[in-house]
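Please read the structure below before turning to the comments.
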Amino acid sequence: MNVVAKLPAGFGRLWTAQTVSSLGDGVTHAALPLIALTMTRDPLALAVVTAAGTLPWLLFGVLGGALVDRWERRRTMWITDSARAALLLASAAAAALDVLSVPLLAAVAFLLALGGLFFDTAATAYLPDLLGRDPALLERANSRMRGTQTAASGFAGPPAGSALLALGRAVPLLADAVSFAFSALLVRSLPAVPPPTVGARESLLRQARAGASYVFRDRLLLGLALRPAVGNVAFLAVETVLALFAHERLGIGTFGFGLLLTAEAAGGLLGAGIASFLGRRLGTGTALTCTATVEGLAILGLAAARNPYLAGLALAVCGAGMGATMVLGPSLRQAIVPAQLIGRVASTSRMLAMCAAPFGAFLGGWLATAYDLRTPIYAAGGLLLAMTAVTATMTTNRRVEAALHSAALQQPAEVPAR
(Lines give C-alpha, C1' and ligand atoms only; values in the text may rest on other atoms or scores of the structure.)
Protein backbone atom coordinates (compact mmCIF):
# COMPACT_ATOMS: atom_id res chain seq x y z
CA MET A 1 0.00 0.00 0.00
CA ASN A 2 1.45 3.33 -1.07
CA VAL A 3 1.84 5.97 1.61
CA VAL A 4 0.85 9.41 0.37
CA ALA A 5 3.19 12.04 1.76
CA LYS A 6 1.54 15.00 3.47
CA LEU A 7 2.12 18.55 2.40
CA PRO A 8 4.12 20.42 5.07
CA ALA A 9 2.49 23.06 7.25
CA GLY A 10 4.54 25.75 5.54
CA PHE A 11 2.71 25.05 2.29
CA GLY A 12 -0.58 26.03 3.91
CA ARG A 13 0.84 29.46 4.73
CA LEU A 14 2.23 29.92 1.22
CA TRP A 15 -1.07 28.75 -0.28
CA THR A 16 -3.07 31.16 1.89
CA ALA A 17 -0.73 34.03 1.05
CA GLN A 18 -1.07 33.36 -2.68
CA THR A 19 -4.87 33.04 -2.46
CA VAL A 20 -5.28 36.35 -0.64
CA SER A 21 -2.85 38.06 -2.99
CA SER A 22 -4.65 36.59 -6.04
CA LEU A 23 -7.93 37.98 -4.74
CA GLY A 24 -6.31 41.40 -4.51
CA ASP A 25 -4.86 40.95 -8.01
CA GLY A 26 -8.35 40.25 -9.35
CA VAL A 27 -9.64 43.39 -7.66
CA THR A 28 -6.90 45.53 -9.21
CA HIS A 29 -7.12 43.80 -12.60
CA ALA A 30 -10.73 44.95 -12.89
CA ALA A 31 -10.26 48.30 -11.17
CA LEU A 32 -7.20 49.71 -12.99
CA PRO A 33 -8.77 49.95 -16.47
CA LEU A 34 -12.01 51.22 -14.95
CA ILE A 35 -10.11 53.89 -13.00
CA ALA A 36 -8.33 54.86 -16.21
CA LEU A 37 -11.71 55.08 -17.91
CA THR A 38 -12.81 57.72 -15.38
CA MET A 39 -9.87 59.88 -16.53
CA THR A 40 -9.88 59.47 -20.32
CA ARG A 41 -11.79 57.99 -23.24
CA ASP A 42 -8.70 57.91 -25.44
CA PRO A 43 -8.19 54.26 -26.56
CA LEU A 44 -4.45 54.80 -26.91
CA ALA A 45 -4.14 56.07 -23.34
CA LEU A 46 -6.14 53.09 -22.07
CA ALA A 47 -3.92 50.75 -24.08
CA VAL A 48 -0.83 52.27 -22.45
CA VAL A 49 -2.13 51.34 -18.99
CA THR A 50 -2.83 47.77 -20.14
CA ALA A 51 0.48 47.39 -21.98
CA ALA A 52 2.46 48.69 -19.01
CA GLY A 53 1.55 45.55 -17.10
CA THR A 54 3.22 43.31 -19.69
CA LEU A 55 6.48 45.22 -20.16
CA PRO A 56 8.48 43.93 -17.14
CA TRP A 57 8.42 40.32 -18.38
CA LEU A 58 9.47 41.43 -21.86
CA LEU A 59 12.25 43.73 -20.64
CA PHE A 60 13.60 42.01 -17.54
CA GLY A 61 12.31 38.43 -17.54
CA VAL A 62 15.58 36.51 -17.82
CA LEU A 63 17.59 39.03 -15.79
CA GLY A 64 14.94 38.89 -13.07
CA GLY A 65 15.30 35.12 -12.93
CA ALA A 66 19.08 35.46 -12.60
CA LEU A 67 18.63 37.85 -9.66
CA VAL A 68 16.16 35.52 -7.97
CA ASP A 69 18.69 32.69 -8.27
CA ARG A 70 21.16 34.88 -6.36
CA TRP A 71 18.79 35.96 -3.60
CA GLU A 72 17.16 34.14 -0.69
CA ARG A 73 13.72 33.32 -2.10
CA ARG A 74 11.52 33.75 0.95
CA ARG A 75 13.02 37.19 1.61
CA THR A 76 12.53 38.14 -2.05
CA MET A 77 8.84 37.25 -1.80
CA TRP A 78 7.98 39.11 1.39
CA ILE A 79 10.01 42.20 0.51
CA THR A 80 8.36 42.31 -2.93
CA ASP A 81 4.86 42.05 -1.47
CA SER A 82 5.67 44.68 1.14
CA ALA A 83 6.87 47.01 -1.62
CA ARG A 84 3.71 46.39 -3.66
CA ALA A 85 1.57 47.12 -0.59
CA ALA A 86 3.40 50.42 -0.08
CA LEU A 87 3.01 51.29 -3.78
CA LEU A 88 -0.74 50.70 -3.67
CA LEU A 89 -1.11 52.66 -0.43
CA ALA A 90 0.58 55.61 -2.13
CA SER A 91 -1.65 55.15 -5.18
CA ALA A 92 -4.77 55.04 -3.00
CA ALA A 93 -3.66 58.27 -1.33
CA ALA A 94 -3.14 59.87 -4.75
CA ALA A 95 -6.63 58.75 -5.80
CA ALA A 96 -8.17 60.10 -2.58
CA LEU A 97 -6.41 63.45 -3.12
CA ASP A 98 -7.54 63.46 -6.78
CA VAL A 99 -4.00 63.69 -8.15
CA LEU A 100 -3.98 60.28 -9.85
CA SER A 101 -3.33 60.51 -13.59
CA VAL A 102 -3.12 58.12 -16.54
CA PRO A 103 0.72 58.23 -16.66
CA LEU A 104 0.83 57.59 -12.91
CA LEU A 105 -1.62 54.71 -13.31
CA ALA A 106 0.56 53.23 -16.07
CA ALA A 107 3.59 53.50 -13.78
CA VAL A 108 1.65 51.70 -11.03
CA ALA A 109 0.70 48.91 -13.46
CA PHE A 110 4.33 48.58 -14.55
CA LEU A 111 5.72 48.44 -11.00
CA LEU A 112 3.05 45.97 -9.84
CA ALA A 113 3.95 43.70 -12.76
CA LEU A 114 7.66 44.09 -11.99
CA GLY A 115 6.95 43.00 -8.44
CA GLY A 116 4.94 40.10 -9.82
CA LEU A 117 7.95 39.04 -11.89
CA PHE A 118 10.14 38.76 -8.80
CA PHE A 119 7.46 37.25 -6.53
CA ASP A 120 6.21 34.64 -9.02
CA THR A 121 9.73 33.58 -10.01
CA ALA A 122 10.84 33.35 -6.38
CA ALA A 123 7.72 31.38 -5.43
CA THR A 124 8.28 28.98 -8.33
CA ALA A 125 11.85 28.42 -7.15
CA TYR A 126 10.93 28.21 -3.45
CA LEU A 127 8.16 25.60 -3.72
CA PRO A 128 10.45 22.69 -4.75
CA ASP A 129 12.69 23.42 -1.75
CA LEU A 130 9.68 23.53 0.57
CA LEU A 131 8.37 20.19 -0.76
CA GLY A 132 11.70 18.41 -1.09
CA ARG A 133 11.36 18.37 -4.93
CA ASP A 134 8.87 15.50 -4.67
CA PRO A 135 7.05 15.28 -8.07
CA ALA A 136 3.78 14.00 -6.58
CA LEU A 137 3.72 16.68 -3.89
CA LEU A 138 4.53 19.35 -6.44
CA GLU A 139 1.58 18.30 -8.61
CA ARG A 140 -0.78 18.31 -5.62
CA ALA A 141 0.50 21.67 -4.42
CA ASN A 142 0.35 23.32 -7.85
CA SER A 143 -3.13 21.89 -8.42
CA ARG A 144 -4.40 23.52 -5.21
CA MET A 145 -2.61 26.79 -5.85
CA ARG A 146 -3.75 26.99 -9.47
CA GLY A 147 -7.35 26.22 -8.51
CA THR A 148 -7.59 28.84 -5.79
CA GLN A 149 -5.72 31.38 -7.92
CA THR A 150 -8.30 30.93 -10.68
CA ALA A 151 -11.19 31.17 -8.22
CA ALA A 152 -9.81 34.24 -6.45
CA SER A 153 -8.52 36.25 -9.40
CA GLY A 154 -10.99 35.01 -12.01
CA PHE A 155 -14.28 34.68 -10.12
CA ALA A 156 -14.23 36.67 -6.90
CA GLY A 157 -11.70 39.44 -7.56
CA PRO A 158 -13.07 41.23 -10.68
CA PRO A 159 -16.66 41.70 -9.44
CA ALA A 160 -15.29 42.74 -6.05
CA GLY A 161 -13.04 45.29 -7.76
CA SER A 162 -15.97 46.74 -9.70
CA ALA A 163 -18.11 46.92 -6.56
CA LEU A 164 -15.35 48.54 -4.49
CA LEU A 165 -14.74 51.11 -7.20
CA ALA A 166 -18.31 52.31 -6.73
CA LEU A 167 -17.25 53.38 -3.21
CA GLY A 168 -14.39 55.49 -4.57
CA ARG A 169 -11.29 55.21 -6.76
CA ALA A 170 -9.04 54.71 -3.75
CA VAL A 171 -10.98 51.78 -2.26
CA PRO A 172 -9.95 48.91 -4.60
CA LEU A 173 -6.32 50.09 -4.48
CA LEU A 174 -6.45 50.09 -0.69
CA ALA A 175 -8.00 46.60 -0.65
CA ASP A 176 -5.20 45.22 -2.82
CA ALA A 177 -2.62 46.92 -0.59
CA VAL A 178 -4.07 45.08 2.40
CA SER A 179 -3.92 41.76 0.52
CA PHE A 180 -0.23 42.28 -0.29
CA ALA A 181 0.57 43.26 3.31
CA PHE A 182 -1.18 40.13 4.62
CA SER A 183 0.66 37.98 2.08
CA ALA A 184 4.01 39.50 3.11
CA LEU A 185 3.36 38.68 6.77
CA LEU A 186 2.50 35.05 5.99
CA VAL A 187 5.47 34.57 3.67
CA ARG A 188 7.76 36.14 6.30
CA SER A 189 6.77 33.30 8.66
CA LEU A 190 7.86 30.56 6.22
CA PRO A 191 11.11 28.63 6.75
CA ALA A 192 14.12 30.27 5.14
CA VAL A 193 16.02 28.29 2.51
CA PRO A 194 19.59 29.38 1.78
CA PRO A 195 20.07 30.49 -1.83
CA PRO A 196 21.98 27.99 -3.99
CA THR A 197 25.52 28.78 -5.07
CA VAL A 198 25.31 30.20 -8.60
CA GLY A 199 28.73 31.77 -8.98
CA ALA A 200 28.51 35.24 -7.43
CA ARG A 201 31.60 36.45 -9.32
CA GLU A 202 30.04 35.61 -12.67
CA SER A 203 28.31 38.53 -14.38
CA LEU A 204 24.54 38.76 -14.15
CA LEU A 205 24.20 38.80 -17.93
CA ARG A 206 26.27 35.63 -18.28
CA GLN A 207 24.16 33.91 -15.64
CA ALA A 208 21.00 34.98 -17.45
CA ARG A 209 22.36 33.56 -20.72
CA ALA A 210 23.26 30.31 -18.97
CA GLY A 211 19.66 29.95 -17.77
CA ALA A 212 18.23 30.64 -21.21
CA SER A 213 20.64 28.27 -22.96
CA TYR A 214 19.80 25.54 -20.43
CA VAL A 215 16.19 25.66 -21.66
CA PHE A 216 17.09 25.62 -25.36
CA ARG A 217 19.61 22.75 -25.03
CA ASP A 218 17.23 20.44 -23.16
CA ARG A 219 14.54 18.99 -25.45
CA LEU A 220 12.14 18.26 -22.60
CA LEU A 221 12.40 21.78 -21.14
CA LEU A 222 12.18 23.29 -24.62
CA GLY A 223 9.01 21.30 -25.27
CA LEU A 224 7.54 22.53 -21.98
CA ALA A 225 8.44 26.12 -22.92
CA LEU A 226 7.08 25.92 -26.48
CA ARG A 227 3.61 24.86 -25.31
CA PRO A 228 2.73 28.15 -23.52
CA ALA A 229 4.64 30.24 -26.08
CA VAL A 230 2.79 28.85 -29.11
CA GLY A 231 -0.35 28.58 -26.99
CA ASN A 232 -0.22 32.30 -26.26
CA VAL A 233 -0.06 33.07 -29.98
CA ALA A 234 -3.18 30.97 -30.50
CA PHE A 235 -5.11 32.14 -27.44
CA LEU A 236 -4.38 35.82 -28.04
CA ALA A 237 -5.56 35.42 -31.64
CA VAL A 238 -8.84 34.12 -30.21
CA GLU A 239 -9.05 36.69 -27.42
CA THR A 240 -8.58 39.56 -29.88
CA VAL A 241 -11.79 38.70 -31.74
CA LEU A 242 -13.76 36.81 -29.08
CA ALA A 243 -15.94 39.72 -27.90
CA LEU A 244 -16.82 40.70 -31.47
CA PHE A 245 -17.34 37.06 -32.44
CA ALA A 246 -19.69 36.57 -29.48
CA HIS A 247 -21.68 39.67 -30.39
CA GLU A 248 -21.90 39.33 -34.17
CA ARG A 249 -21.84 35.55 -34.70
CA LEU A 250 -23.40 34.24 -31.48
CA GLY A 251 -25.78 37.14 -30.85
CA ILE A 252 -24.96 37.70 -27.19
CA GLY A 253 -24.38 40.91 -25.29
CA THR A 254 -22.12 42.03 -22.47
CA PHE A 255 -23.69 39.81 -19.81
CA GLY A 256 -23.58 36.74 -22.04
CA PHE A 257 -19.95 37.43 -22.89
CA GLY A 258 -19.17 37.47 -19.17
CA LEU A 259 -20.83 34.06 -18.85
CA LEU A 260 -18.62 32.72 -21.66
CA LEU A 261 -15.51 33.79 -19.76
CA THR A 262 -16.93 32.30 -16.56
CA ALA A 263 -17.42 28.97 -18.36
CA GLU A 264 -13.76 29.01 -19.37
CA ALA A 265 -12.68 29.78 -15.80
CA ALA A 266 -14.91 26.98 -14.45
CA GLY A 267 -13.25 24.58 -16.87
CA GLY A 268 -9.88 25.79 -15.63
CA LEU A 269 -10.83 24.91 -12.06
CA LEU A 270 -11.85 21.40 -13.13
CA GLY A 271 -8.65 20.90 -15.12
CA ALA A 272 -6.47 21.99 -12.21
CA GLY A 273 -8.34 19.62 -9.93
CA ILE A 274 -7.88 16.53 -12.11
CA ALA A 275 -4.32 17.27 -13.27
CA SER A 276 -2.66 15.01 -10.70
CA PHE A 277 -5.04 12.15 -11.53
CA LEU A 278 -4.24 12.50 -15.24
CA GLY A 279 -0.52 12.56 -14.52
CA ARG A 280 -0.72 9.37 -12.46
CA ARG A 281 -3.02 7.55 -14.86
CA LEU A 282 -1.44 8.47 -18.19
CA GLY A 283 2.05 9.57 -17.23
CA THR A 284 2.96 13.25 -17.24
CA GLY A 285 4.24 13.30 -20.82
CA THR A 286 1.17 11.61 -22.30
CA ALA A 287 -1.14 13.69 -20.12
CA LEU A 288 0.45 16.91 -21.43
CA THR A 289 -0.01 15.75 -25.02
CA CYS A 290 -3.65 14.87 -24.34
CA THR A 291 -4.46 18.18 -22.65
CA ALA A 292 -2.84 20.12 -25.50
CA THR A 293 -4.86 18.11 -28.02
CA VAL A 294 -8.05 18.83 -26.08
CA GLU A 295 -7.27 22.57 -26.16
CA GLY A 296 -6.80 22.54 -29.94
CA LEU A 297 -9.96 20.53 -30.62
CA ALA A 298 -11.97 22.72 -28.24
CA ILE A 299 -10.86 25.88 -30.05
CA LEU A 300 -11.90 24.32 -33.37
CA GLY A 301 -15.24 23.55 -31.71
CA LEU A 302 -15.53 27.19 -30.67
CA ALA A 303 -14.88 28.32 -34.25
CA ALA A 304 -17.63 26.02 -35.55
CA ALA A 305 -20.14 26.89 -32.78
CA ARG A 306 -23.41 28.34 -34.03
CA ASN A 307 -24.95 29.19 -30.65
CA PRO A 308 -23.74 30.45 -27.26
CA TYR A 309 -24.26 27.10 -25.51
CA LEU A 310 -21.88 25.20 -27.77
CA ALA A 311 -19.41 28.08 -27.56
CA GLY A 312 -19.56 28.04 -23.75
CA LEU A 313 -19.04 24.26 -23.72
CA ALA A 314 -16.05 24.60 -26.04
CA LEU A 315 -14.49 27.29 -23.85
CA ALA A 316 -15.10 25.22 -20.72
CA VAL A 317 -13.37 22.20 -22.30
CA CYS A 318 -10.50 24.41 -23.47
CA GLY A 319 -10.21 25.89 -19.97
CA ALA A 320 -10.03 22.40 -18.48
CA GLY A 321 -7.17 21.50 -20.81
CA MET A 322 -5.36 24.72 -19.97
CA GLY A 323 -5.88 24.27 -16.23
CA ALA A 324 -4.40 20.77 -16.27
CA THR A 325 -1.50 21.83 -18.49
CA MET A 326 -0.64 24.73 -16.18
CA VAL A 327 -0.36 22.32 -13.25
CA LEU A 328 1.50 19.47 -14.95
CA GLY A 329 4.06 21.54 -16.89
CA PRO A 330 5.35 23.79 -14.08
CA SER A 331 5.32 20.88 -11.59
CA LEU A 332 7.54 18.82 -13.86
CA ARG A 333 9.89 21.75 -14.45
CA GLN A 334 10.20 22.34 -10.70
CA ALA A 335 11.03 18.68 -10.13
CA ILE A 336 13.79 18.33 -12.74
CA VAL A 337 15.60 21.69 -12.92
CA PRO A 338 18.59 22.15 -10.56
CA ALA A 339 17.91 24.55 -7.68
CA GLN A 340 20.59 27.00 -8.79
CA LEU A 341 18.95 27.37 -12.23
CA ILE A 342 15.23 27.15 -11.57
CA GLY A 343 14.61 30.90 -11.29
CA ARG A 344 16.27 31.57 -14.64
CA VAL A 345 14.63 28.59 -16.35
CA ALA A 346 11.16 29.56 -15.09
CA SER A 347 11.57 33.21 -16.07
CA THR A 348 12.93 32.27 -19.52
CA SER A 349 9.88 30.09 -20.18
CA ARG A 350 7.53 32.82 -18.94
CA MET A 351 9.27 35.46 -21.06
CA LEU A 352 8.93 33.33 -24.20
CA ALA A 353 5.20 33.06 -23.54
CA MET A 354 4.86 36.79 -22.92
CA CYS A 355 6.83 37.72 -26.06
CA ALA A 356 4.62 35.47 -28.17
CA ALA A 357 1.38 37.12 -27.03
CA PRO A 358 1.58 40.30 -29.20
CA PHE A 359 2.09 38.17 -32.32
CA GLY A 360 -1.13 36.33 -31.51
CA ALA A 361 -3.05 39.57 -31.10
CA PHE A 362 -1.74 40.88 -34.44
CA LEU A 363 -2.48 37.56 -36.17
CA GLY A 364 -6.04 37.50 -34.86
CA GLY A 365 -6.75 41.07 -35.93
CA TRP A 366 -5.23 40.59 -39.39
CA LEU A 367 -7.04 37.33 -40.14
CA ALA A 368 -10.37 38.74 -38.97
CA THR A 369 -9.90 41.84 -41.13
CA ALA A 370 -8.70 39.98 -44.21
CA TYR A 371 -11.13 37.07 -44.02
CA ASP A 372 -13.79 36.44 -41.38
CA LEU A 373 -14.25 36.46 -37.59
CA ARG A 374 -14.15 32.67 -37.49
CA THR A 375 -10.87 32.49 -39.42
CA PRO A 376 -8.48 33.43 -36.57
CA ILE A 377 -10.24 30.94 -34.28
CA TYR A 378 -9.86 28.13 -36.81
CA ALA A 379 -6.24 29.17 -37.32
CA ALA A 380 -5.64 29.13 -33.56
CA GLY A 381 -7.05 25.61 -33.25
CA GLY A 382 -4.89 24.40 -36.11
CA LEU A 383 -1.81 26.06 -34.61
CA LEU A 384 -2.43 24.37 -31.24
CA LEU A 385 -2.74 20.95 -32.86
CA ALA A 386 0.40 21.51 -34.95
CA MET A 387 2.29 22.55 -31.79
CA THR A 388 1.05 19.40 -30.06
CA ALA A 389 2.34 17.22 -32.88
CA VAL A 390 5.78 18.87 -32.69
CA THR A 391 6.17 18.84 -28.90
CA ALA A 392 4.69 15.36 -28.37
CA THR A 393 8.06 13.78 -29.19
CA MET A 394 9.85 16.21 -26.89
CA THR A 395 7.76 15.49 -23.77
CA THR A 396 7.26 11.73 -23.91
CA ASN A 397 6.82 9.65 -20.76
CA ARG A 398 10.24 8.11 -21.40
CA ARG A 399 11.93 11.54 -21.43
CA VAL A 400 10.00 12.61 -18.34
CA GLU A 401 10.95 9.50 -16.37
CA ALA A 402 14.61 9.80 -17.40
CA ALA A 403 14.68 13.45 -16.32
CA LEU A 404 13.04 12.67 -12.97
CA HIS A 405 15.49 9.82 -12.36
CA SER A 406 18.46 12.05 -13.17
CA ALA A 407 17.13 14.82 -10.90
CA ALA A 408 16.64 12.34 -8.02
CA LEU A 409 20.25 11.18 -8.29
CA GLN A 410 21.52 14.79 -8.17
CA GLN A 411 19.18 15.94 -5.40
CA PRO A 412 20.96 17.38 -2.34
CA ALA A 413 19.98 16.69 1.23
CA GLU A 414 16.41 17.83 1.88
CA VAL A 415 15.91 21.06 3.81
CA PRO A 416 13.44 20.49 6.62
CA ALA A 417 10.30 22.66 6.43
CA ARG A 418 8.56 23.95 9.52
Side-chain angles (χ1 to χ4, degrees), residues 14 17-18 20-22 24-26 28-29 32 48-88 91 105-129 142 145-146 149 152-153 157 176-177 179-181 183-184 187 195-196 198 204-205 207-212 214-215 221 224-225 228-229 232 236 326 329-330 333-334 337 339-358:
L14 180 62
Q18 189 226 36
V20 173
S21 184
S22 294
D25 287 343
T28 304
H29 182 70
L32 280 183
V48 167
V49 174
T50 302
T54 67
L55 286 178
W57 281 102
L58 301 179
L59 298 176
F60 309 116
V62 179
L63 288 175
L67 287 171
V68 166
D69 279 338
R70 287 185 172 190
W71 298 338
E72 200 270 293
R73 280 129 187 193
R74 183 202 60 162
R75 181 180 295 128
T76 300
M77 287 189 286
W78 74 258
I79 289 177
T80 297
D81 267 2
S82 299
R84 288 194 283 183
L87 171 67
L88 284 164
S91 305
L105 207 58
V108 169
F110 177 86
L111 292 173
L112 285 176
L114 182 62
L117 186 160
F118 286 112
F119 184 93
D120 293 347
T121 305
T124 298
Y126 178 81
L127 189 62
D129 292 329
N142 280 311
M145 294 177 77
R146 179 66 189 170
Q149 184 181 29
S153 64
D176 199 12
S179 77
F180 279 128
S183 173
V187 172
V198 296
L204 187 65
L205 188 59
Q207 289 178 355
R209 281 202 305 265
Y214 191 84
V215 173
L221 290 174
L224 293 176
N232 261 9
L236 262 291
M326 295 177 75
R333 187 185 297 115
Q334 289 169 325
V337 175
Q340 69 271 18
L341 281 164
I342 193 166
R344 285 167 283 174
V345 168
S347 62
T348 297
S349 300
R350 181 75 177 270
M351 189 188 71
L352 287 174
M354 294 295 290
C355 288

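Between Ala125 and Gly343, the shortest heavy-atom contact is CB-N, 4.4 Å. Looking at every heavy atom in both residues, Ile342 comes nearest to Arg333 through CD1-O, 4.4 Å. Contact detail for Leu341 and Gly211: the closest heavy-atom pair is CD2-CA, 4.2 Å. Residues Asp69 and Ala339 approach most closely at OD1-O, 4.0 Å, considering heavy atoms. Nearest approach of Ala346 to Thr124, heavy atoms of both residues: CB-CG2, 3.9 Å. Counting all heavy atoms, side chain and backbone alike, Ala66 lies closest to Leu204 at CB-CD1, 3.6 Å.
In summary, the side chains of Asp176 and Ser179 do present a donor paired with an acceptor at a separation below 3.5 Å, with no hydrogens or angles considered.
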Checking Cys355 against Trp57 for the side chain to side chain contact (heavy atoms under 4.5 Å, CB included) test, could you report, in this order, the C-alpha distance in whole Å, the side-chain angles of both residues, the deciding distance, and whether it holds?
CA-CA 8 Å; Cys355 288; Trp57 281 102; over 6 Å; no
Output, in order, the C-alpha distance, side-chain angles, deciding distance and verdict of side chain to side chain contact (heavy atoms under 4.5 Å, CB included) for Leu14 and Tyr126.
CA-CA 10 Å; Leu14 180 62; Tyr126 178 81; 4.3 Å; yes
Starting from the C-alpha separation in whole Å, work towards a yes-or-no answer on side chain to side chain contact (heavy atoms under 4.5 Å, CB included) for Val187 and Arg74.
CA-CA 7 Å; Val187 172; Arg74 183 202 60 162; 4.1 Å; yes
Pair Arg350-Leu117, side chain to side chain contact (heavy atoms under 4.5 Å, CB included): steps then yes or no
CA-CA 9 Å; Arg350 181 75 177 270; Leu117 186 160; over 6 Å; no
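Both the sub-6.0 Å distance and the 45° axial angle are satisfied by Arg84 relative to the ring of Phe119.
With Asn232 contributing its side chain and Ala356 its backbone, the two residues share no donor-acceptor pair below 3.5 Å. Using modelled atom types, one side-chain atom of Thr80 and one backbone atom of Thr76 make a donor-acceptor pair closer than 3.5 Å. In this structure, the side chain of Thr28 does not engage the main chain of Asp25 through any donor-acceptor pair within 3.5 Å.
Taking CD of Gln207 as the start and CG of Leu63 as the end, the distance is 10.5 Å to the nearest 0.5 Å. Distance check, rounded to the nearest 0.5 Å: CE of Met326 to CE of Met145 gives 12.5 Å. How far CG of Leu111 is from CG of Leu88: 10.0 Å, rounded to the nearest 0.5 Å. Here the CZ atom belonging to Phe180 is positioned 6.0 Å from the CG atom belonging to Leu112, to the nearest 0.5 angstrom. Atom CZ of Phe60 is separated from atom OG1 of Thr121 by 13.5 Å, given to the nearest 0.5 angstrom. Here the CZ-CD distance, from Arg146 to Gln18, works out to 9.0 Å after rounding to the nearest 0.5 Å.
Here the rule is side chain to side chain contact (heavy atoms under 4.5 Å, CB included) with Phe118, and of Val68, Asp81, Ile79 only Val68 fits it.
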